[in-house]
Amino acid sequence: MDIDIKKLSEAVQDQVVKWRRDLHQIPEIGNDLPKTSAYVQNCLKEMGIPFVTMVDGNAVVGTIEGGSPGKTVALRADMDALPLIEEAPVDFKATNGNMHTCGHDAHTAILLGAAKVLNDNKTKLKGTVKLLFQPGEEAPGGAIPMIKEGAIKGVDAVFGQHIGVLAAGVFESGKIIVSHSNVMACRDAFKIKVVGKGAHGAWPENSIDPISIGTQIINGIYMIKAREISALDPAVISIGMVHAGTANNIIPMTLEIEGTTRSINPQTRERIAERLEQVVKNTCEAHGARFEYEYNKDYDITANNPAMADLVIQAAKDLGYGDDILPQTAAVMGSEDMSFFLNEVPGAYYFLSSIAKQDGQVFGHHHPKFMLDESVFSKGVAVFVQVVANYLNK
């Protein structure tokens, strides 16, 4: 494309900031994003970009046809927020009990900015651009239903970016962090129910105590990572919920445990799932308790295609951002359902650092004081547009 992509991206910076702040004030959860989806649809209408909706109207897929035929590339942004009351010191704070505390409002606004630049110059494109505005990244997952409804049918490559402070060891805004392999871990979830025998707290011998059994299960679960998985093999097992009992002098009949596992090695993923069930089964049987066990494979490992990662790096260099490129040396243990798009077609998912300090502190993703450095938005737009130009035209 014979245009100054960096200059055009900088020209939409103020508009991207406005879009982001508007979206920040209407945060919605999961796959139920009526206001957010309507906002994106209105923006695309104003640009003259045709689109369809999916996932019961909550996902939006725009299409920009180039001036001549060619390949099809997709750009993806997630749109959902989290159920958290905002404490960030901004004058565009959300007030509905939800919060964009993972930067998805910025992802959406940056993709809208890229859409504008690309659409204004579409006659110079050789091929097609699909704009994937996705709900439900945090949960329950919007990528799979979009794929099932044909969002990436005919797509040859897909790209996405995540803003904020996710990559380890990055302390400056505006860095473009790219991996040639694993970007983020898988995300699985487990539920355990221990069924014992209730009794009066004064006569524990009449019980099969699910709390005592549950503590042994928890200790056994944590030993899986501590003593069965190499320290060089990244994995996480965390228990987030334990529920039992109604009074301090009653031994309850049941105890429930819920947690999450993360890993970047498919074999380790299977090993953890297998060993978790064994720990639960063996511990309950040893004490005469029954159990219910559920293990759900949630999001897959997010892995880049090396050639597509190189394309992102080259795009950043073409824009003059060579000094801002950093290699991602280790996978982030968070997860992303961008993984499912990358399972279907070659692509890359990379990070754009955006660090805003409050009293010398940086509050990370999913924190009520999470903030972004909005000055990097035009850089996010420019990399998206340059990636498209390089992929389609070169």
Side-chain angles (χ1 to χ4, degrees), residues 137-139 141 162 164-171 175 177-192 194 213-242 257-286 291 293-310 313 325-343 346-351 353 364-366:
E137 188 282 321
E138 298 292 352
H162 202 306
V165 289
L166 278 171
V170 179
F171 305 105
K175 299 300 180 183
I177 306 110
V178 186
S179 169
H180 282 85
S181 57
N182 293 324
V183 183
M184 302 182 82
C186 68
R187 182 179 87 188
D188 296 343
F190 59 88
K191 294 181 180 180
I192 300 162
V194 180
I213 296 167
T215 58
Q216 293 178 58
I217 289 172
I218 291 170
N219 287 334
I221 286 172
Y222 283 145
M223 287 296 286
I224 296 171
K225 167 57 182 170
R227 288 297 178 266
E228 298 183 29
I229 298 173
S230 168
L232 302 178
D233 184 0
V236 172
I237 307 174
S238 293
I239 292 168
M241 290 192 285
V242 180
I257 300 168
E258 294 190 34
T260 184
T261 74
R262 314 291 173 106
S263 55
I264 61 169
N265 183 320
Q267 288 73 38
T268 302
R269 185 184 199 182
E270 296 299 329
R271 170 76 171 161
I272 290 172
E274 177 186 351
R275 287 293 293 127
L276 269 168
E277 185 171 14
Q278 289 175 348
V279 167
V280 175
K281 179 178 184 291
N282 293 342
T283 307
C284 286
E285 287 181 350
F291 71 92
Y293 175 76
E294 180 181 331
Y295 190 94
N296 293 309
K297 290 182 176 177
D298 198 354
Y299 291 176
D300 281 351
I301 298 162
T302 303
N304 283 348
N305 177 289
M308 298 297 103
D310 283 337
I313 291 170
I325 301 167
L326 296 175
Q328 185 185 343
T329 55
V332 173
M333 297 312 290
S335 62
E336 253 285 350
D337 73 343
M338 176 71 180
S339 56
F340 297 113
F341 290 123
L342 292 172
N343 287 348
Y349 193 62
Y350 54 94
F351 298 113
S353 65
H365 297 74
H366 295 205

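Partners of Q216 by side-chain hydrogen bond (donor to acceptor under 3.5 Å, both in side chains), not counting sequence neighbours, listed by chain and number: H287. Every residue was checked against the ring pair (Phe, Tyr, Trp, His ring centres under 6.0 Å) condition with H366, not counting sequence neighbours, and none meets it.
Among N304, L342, V332, V178, the one residue that satisfies the side chain to side chain contact (heavy atoms under 4.5 Å, CB included) test with V183 is N304.
With contacts defined as side-chain heavy-atom distances shorter than 4.5 Å, the pair V194/I192 qualifies. Residues I313 and Y350 form no side-chain contact, since every pair of their non-hydrogen atoms from C-beta on lies 4.5 Å or further apart. Between F291 and I213, every side-chain heavy-atom pair lies at or beyond the 4.5 Å cut-off.
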All N/O donor-acceptor pairs, side-chain side in residues 271-279, below 3.5 Å, sequence neighbours left out:
from	atom 1	to	atom 2	distance (Å)
R271	NH2	E228	OE1	3.2
E274	OE2	Q278	NE2	3.4
R275	NE	E228	OE1	2.8
R275	NE	E228	OE2	3.4
R275	NH1	Q278	OE1	2.7
R275	NH2	E228	OE2	2.8

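Ring orientation note: the planes of H162 and H365 are nearly perpendicular, at an angle over 60° on the 30°/60° scale.
The line from OH of Y222 to OG of S238 is 5.5 Å long, rounded to the nearest 0.5 Å. Atom CG of L166 and atom CE of M333 lie 13.0 Å apart (nearest 0.5 Å).
The pair D300-R269 meets the salt-bridge criterion, with a side-chain N (NZ, NE, NH1 or NH2) lying under 4.0 Å from an Asp/Glu carboxylate O.
Heavy atoms only, all atoms of each residue included: S179 and A309 are closest at O-CB, 3.3 Å. When every heavy atom of I301 is checked against every heavy atom of S263, the shortest pair comes out as CG1-O, 3.7 Å. Here the closest non-hydrogen pair linking R262 and A185 is CB-CB, 4.0 Å. Taking each heavy atom of A235 and T268 in turn, the nearest pair found is CB-CG2, 4.2 Å. Smallest separation of non-hydrogen atoms from M184 and A331: N-CB, 4.4 Å.
The backbone N or O of K175 lies less than 3.5 Å from a partner atom in the side chain of S353, making a donor-acceptor pair.
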Checklist entry - Between V236 and K225, does a side chain to side chain contact (heavy atoms under 4.5 Å, CB included) hold up when you go through it step by step? => result CA-CA 7 Å; V236 172; K225 167 57 182 170; over 6 Å; no
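Counting only N and O atoms by type, the side chains of Y349 and E336 include a donor and acceptor under 3.5 Å apart. Remark: the N296 side chain and the D188 side chain contain no N/O donor-acceptor pair separated by less than 3.5 Å. Counted by atom type alone, H180 and D310 present one or more donor-acceptor pairs between their side chains at under 3.5 Å.
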